[in-house]
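Read the structure below first, then the notes.
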Amino acid sequence: MAAFLLMAALSFFVSNLLLVKTTDELLDLEDTHQQLADQYELMLGTQQLYRTELESLGDALSQLSVERDQLAQQNHLMGTELGDLESMLGILESDSEMTAKERAEVAKAAARERLFMLYGIPNGVPIQSERITDRFGMRMHPIQKKRIMHSGIDFKASVGTPVYATADGVVEFAGYNKGGGYGYMVRIDHNLGFRTVYAHLQKVLVKPKAFVHKGQQIGLSGNSGNSTGPHLHYEVRQLYTALDPEPFMKWGLDNFDSIFTDVEEIPWESLSAMYPLNQTAPQ
């Protein structure tokens with residue numbers, strides 16, 4: 001009987017010991033499970049964060065791709081426009097090693113030079129005319145009936161046709177010319193010693209000492225002074241020397257260099273030292 005009780009007590013003790021151990025292991029398992037669950041949640045959160053960041057990065061890459069394509073189009077357009085500008089300005093094919101910025105600087109300098117010249121030196125026609133009736137040079141004078149020098153060009157035009165300044169300048173004379181037979185006339189001083197004369201007008205629309213700009217209306221054509229019919233007499237002079245106006249009338253952006261060979265009376269080479277004409281290369 002004592003042995004049975006001893007065995008029962010030992011069995012109970014062992015059972016309690018095993019129960020305690022099992023309980024501890026279950027608690028450990030629960031802790032481990034909770035830790036795993038927390039880590040899983042953390043991983044899910046991290047994964048979601050990574051996914052959001054990847055989506056943001058994808059959007060950014062897409063936007064950069066769009067901007068890259070836009071820049072490529074703009075660069076192509078800029079290159080095309082720059083090439084058109086160089087062609088219009090008569091600039092020779094650029095050095096292949098020049099950057100777009102350097103090419104643009106060269107084009108800007110060339111444009112500055114051409115604008116300075118084309119606004120300051122007479123060019124283009126002063127009137128919308130039916131035709132030219134008399135050119136520059138020796139001719140039989142229609143009134144004096146003898147061969148004398150004709151110092152300008154005559155444009156046939158109806159009375160009252162607008163007359164325009166062919167360059168920027170200041171009005172040196174505007175009114176009736178009593179002694180020279182020019183009738184109502186305007187004389188304008190321009191850049192670099194050039195001068196233009198507009199004669200036989202019906203009406204003068206500017207006053208002496210007034211500044212005028214290229215293309216500004218300065219009078220109306222007429223038949224005043226020694227004239228056999230309505231027309232405009234137009235002269236181009238340089239330091240009082242009469243020049244053939246025709247090369248100046250044909251001069252423009254598309255044939256900018258022609259004036260320097262067509263008009264030999266002027267020492268054009270001395271212009272090269274003038275500012276802004278000497279600003280033709282990138283600094």
Please identify each residue that fulfils side-chain contact (heavy atoms from CB on, under 4.5 Å) with Y164, with sequence neighbours left out. P162, Q217
Does S221 reach the main-chain N or O of T161 with its side chain, forming a donor-acceptor pair under 3.5 Å? yes
As a test of understanding, state which of H233, R131, R135 forms a side-chain hydrogen bond (donor to acceptor under 3.5 Å, both in side chains) with D154. H233
With E172, which residues qualify under side chain to side chain donor-acceptor pair (under 3.5 Å), at least two apart? R187
Output all residues satisfying side chain to side chain donor-acceptor pair (under 3.5 Å) with S258, sequence neighbours left out; order by chain, then residue number. N255
With sequence neighbours left out, the residues meeting side-chain contact (heavy atoms from CB on, under 4.5 Å) with N191 are F116
How would you list, by chain and number, every residue that makes a side chain to side chain donor-acceptor pair (under 3.5 Å) with S151, sequence neighbours excluded? E235
Can you list, pair by pair, the side-chain donor-acceptor contacts under 3.5 Å of residues 206-215, counting residues two or more places apart and other chains?
| unit_1 | atom_1 | unit_2 | atom_2 | d |
| --- | --- | --- | --- | --- |
| K214 | NZ | N123 | O | 2.9 |
| K214 | NZ | N123 | OD1 | 3.0 |
| K214 | NZ | T166 | O | 3.1 |

Short question: side chain of S129, backbone of K156 - any donor-acceptor pair under 3.5 Å? yes
Determine whether Q238 and V263 make a side-chain contact, defined as any pair of heavy atoms from C-beta on separated by less than 4.5 Å. no
My understanding is that only residues two or more places apart in sequence, or in another chain, count here; which of them pass salt bridge (charged side-chain N to carboxylate O under 4.0 Å, His left out) with D262? none
Taken in chain and number order and not counting sequence neighbours, the residues that satisfy side chain to side chain donor-acceptor pair (under 3.5 Å) with H200 are none
For K203, give me all partners under salt bridge (charged side-chain N to carboxylate O under 4.0 Å, His left out), at least two apart in sequence or on another chain. none
Below 30° counts as parallel, above 60° as perpendicular, anything between as tilted: where do the rings of W251 and F260 land? perpendicular
Which other residues end up in the same hydrophobic cluster as V159, if Ile, Leu, Val, Met, Phe, Trp and Tyr are linked when side-chain heavy atoms come under 4.5 Å apart? none
Main-chain N/O of D168 paired to H190 side chain as donor or acceptor, under 3.5 Å: yes
Determine the sole option in Y184, F155, Y234 for which the ring pair (Phe, Tyr, Trp, His ring centres under 6.0 Å) test with Y198 is passed. Y234
Linking directly or through intermediates, with side-chain heavy atoms under 4.5 Å: list the remaining ILVMFWY members grouped with V197, chain and number order. F173, Y182, M185
Answer yes or no: is there a side-chain heavy-atom contact under 4.5 Å between L205 and I218? no
Under 4.5 Å side-chain heavy-atom separation, chaining through any Ile, Leu, Val, Met, Phe, Trp or Tyr, what else clusters with L115? Say none if it is isolated. Y119
